[in-house]
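What follows is a short report on a single structure.
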Amino acid sequence: MSPWLEVANAWALPLAAVFGLMIGSFLNVVIHRLPLMMQREWEQEARAVLEQPDPTGEPQRFDLWWPRSRCPECSREIRAQENIPILSFLLLRGRCPGCAAHISWQYPLVEMLTAVLFTVTIWHFGPTAAGLAALLFTGVLIAASGIDARTTLLPDQLTLPLLWLGLVANYFGLFTDLESAVIGAMAGYLSLWLVYHGFRLLTGKEGMGYGDFKLLAAIGAWLGWQALPVVLLLASLVGAIVGIALILLRGRDRNIPIPFGPYLAAAGWLGLIWGDALLAVYLP
């Protein structure tokens, strides 16, 4: 092994952890702002169809980069030194320095989760092309899970690019062959599409959303069709356990939908890292 490669491997895990903290901070912005951006876009389209003017005048720029983050309670602009992942939350003791409002635990938890998953990903794949692609896959899954958990939406802005990126990655054979990836994308979408329509015909209710179909199609594009049975089994098992626990322990109304996207995402990530071992257990 060359000295440069030895140095790269030695620094890979700590760099992955630090990079994960930074990306986790950005993912918090995505989780918070992307649904708002979608809502503003829908409202603008509705006003255009109804030929109604914007009541606020010219629409102000609002995206992932602008305006700068502010406290939702007092609108105080968050300074750069107050936006250091995890550390700022601890130094501020989880409160806004302007109005003392509580800062959601979502922010440090997403940052820490991203750091841990990025570290495990690079530990598994190493500082390789597959490792970098897997980091992208992991980051999008975290963002999609956070949005679905908060809003029960899985945005096309995340699921569809993830699907195409999976096909591109496997064009170069990073995780599976291209044929398995294409079949995985088709099978992932159609399997949940059939479950959805079968459940609707039997009960007259909608059991899940189309975003779940697209997310499973994206996972199939990354991992291949062979991983889909294990992913579905894991996601369904964990989802059922969590759903029953919420009903029994917290008295949650069983008619209130539980987002399925986070369980699909978790199962997809586990399939990415330990897919062969899981397949060996499932199909000995």
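- The minimum heavy-atom distance linking A235 with F260 is given by the pair O-CE1, 3.6 Å.
- Ring-centre distance between W65 and F26: below the 6.0 Å cut-off.
- Remark: side-chain polar atoms of S191 are paired, donor with acceptor, to backbone N or O of G188 under 3.5 angstrom.
- Side-chain contact check for L141 versus L162: some heavy-atom pair is nearer than 4.5 Å.
- Between F125 and F175, the angle of the ring planes goes over 60°, which puts this pair in the perpendicular group of the 30/60° scheme.
- Side-chain atoms of P97 and R76, non-hydrogen and from C-beta on, do get closer than 4.5 Å to each other.
- The shortest side-chain heavy-atom distance between L163 and L167 falls under the 4.5 Å cut-off.
- Side-chain contact between Q157 and M38: present, with at least one pair of heavy atoms (C-beta onward) separated by less than 4.5 Å.
- In this structure, W225 is a member of the same hydrophobic cluster as V182, with clusters built from ILVMFWY side-chain heavy atoms closer than 4.5 Å.
- Scanning both residues, V30 and A143, for their nearest heavy atoms gives CG1-CB, 4.1 Å.
- Closest approach of S145 to A265, counting heavy atoms only: OG-CB, 3.1 Å.
- If you take CG on L158 and CG on L153, they are separated by 11.0 Å, rounding to the nearest 0.5 Å.
- Connection of L272 to W123 is established within a shared hydrophobic cluster, with ILVMFWY side chains joined at heavy-atom distances below 4.5 Å, either directly or through further cluster members.
- Panel note: side chain T138, backbone A134; a donor-acceptor pair is recorded below 3.5 Å.
- Residue L87 is not grouped with residue V29 when hydrophobic side chains (ILVMFWY) are merged at heavy-atom distances under 4.5 angstrom, including chains of intermediate members.
- When all heavy atoms of D148 and G261 are compared, the pair lying nearest together is OD2-N, 2.9 Å.
- When all heavy atoms of P259 and P262 are compared, the pair lying nearest together is O-CD, 3.8 Å.
- Contact of the L192 side chain with the L215 side chain is not registered, since no non-hydrogen atoms from C-beta on lie closer than 4.5 Å.
- Under the 4.0 Å criterion applied to side-chain N and carboxylate O atoms, D63 and R33 are not assigned as salt-bridge partners.
- Between atom CD1 of residue I23 and atom CG of residue L136 there is a gap of 9.5 Å, rounded to the nearest 0.5 Å.
- Note: W274 and W269 have perpendicular aromatic rings, judged against thresholds of 30 and 60 degrees for the angle between ring planes.
- Hydrophobic clustering places V168 together with M186 (ILVMFWY residues linked when any side-chain heavy atoms are closer than 4.5 Å, directly or through intermediates).
- Nearest heavy-atom pair, I122 versus A16, reported as atom, atom and distance to 0.1 Å: CG1-CB, 3.7 Å.
- Pairs of residues two or more places apart, or lying in two chains, that qualify as side chain to side chain donor-acceptor pair (under 3.5 Å) and include a residue from residues 91-119 are N28-Q106, R95-H102.
- Side chains of S180 and Q226: a donor on one and an acceptor on the other come within 3.5 Å.
- Summarising the geometry, atom CZ belonging to R68 is positioned 8.5 Å from atom CG belonging to N83; distances are rounded to the nearest 0.5 Å.
- Side chain of N170 to main chain of A181: no donor-acceptor pair is present (N/O by atom type, distance under 3.5 Å, no hydrogens or angles).
- The number of heavy-atom neighbours closer than 6.0 Å to CD of E77, taken from other residues, nucleotides and ligands shown, is above 12.
- In this structure, the side chain of S25 does not engage the main chain of L21 through any donor-acceptor pair within 3.5 Å.
- Remark: side-chain polar atoms of R40 are not paired, donor with acceptor, to backbone N or O of F62 under 3.5 angstrom.
- For the pair K214/L154, no side-chain contact is recorded, criterion being any heavy-atom separation below 4.5 Å from C-beta on.
- Taking the six-membered ring where tryptophan is involved, the planes of F118 and F19 are tilted, since the angle between them lies from 30° to 60°.
- Note that CG of L34 and CD1 of I147 are 4.5 Å apart. Values are rounded to the nearest 0.5 Å.
- T176 is not listed as a side-chain neighbour of L223, based on a closest heavy-atom distance of 4.5 Å or more.
- At least one side-chain heavy atom of Q39 sits under 4.5 Å from a side-chain heavy atom of E43.
- Here OG1 of T159 is found 10.0 Å from CG of D212. Values are rounded to the nearest 0.5 Å.
- Hydrophobic clustering (ILVMFWY, side-chain heavy atoms < 4.5 Å, transitive): Y210 and L232 are in one cluster.
- To the nearest 0.5 Å, atom CG of residue L228 and atom CG of residue L216 are 5.5 Å apart.
- Annotation for M37: atom CE counts as buried by contact number, over 12 foreign heavy atoms lying within 6.0 Å.
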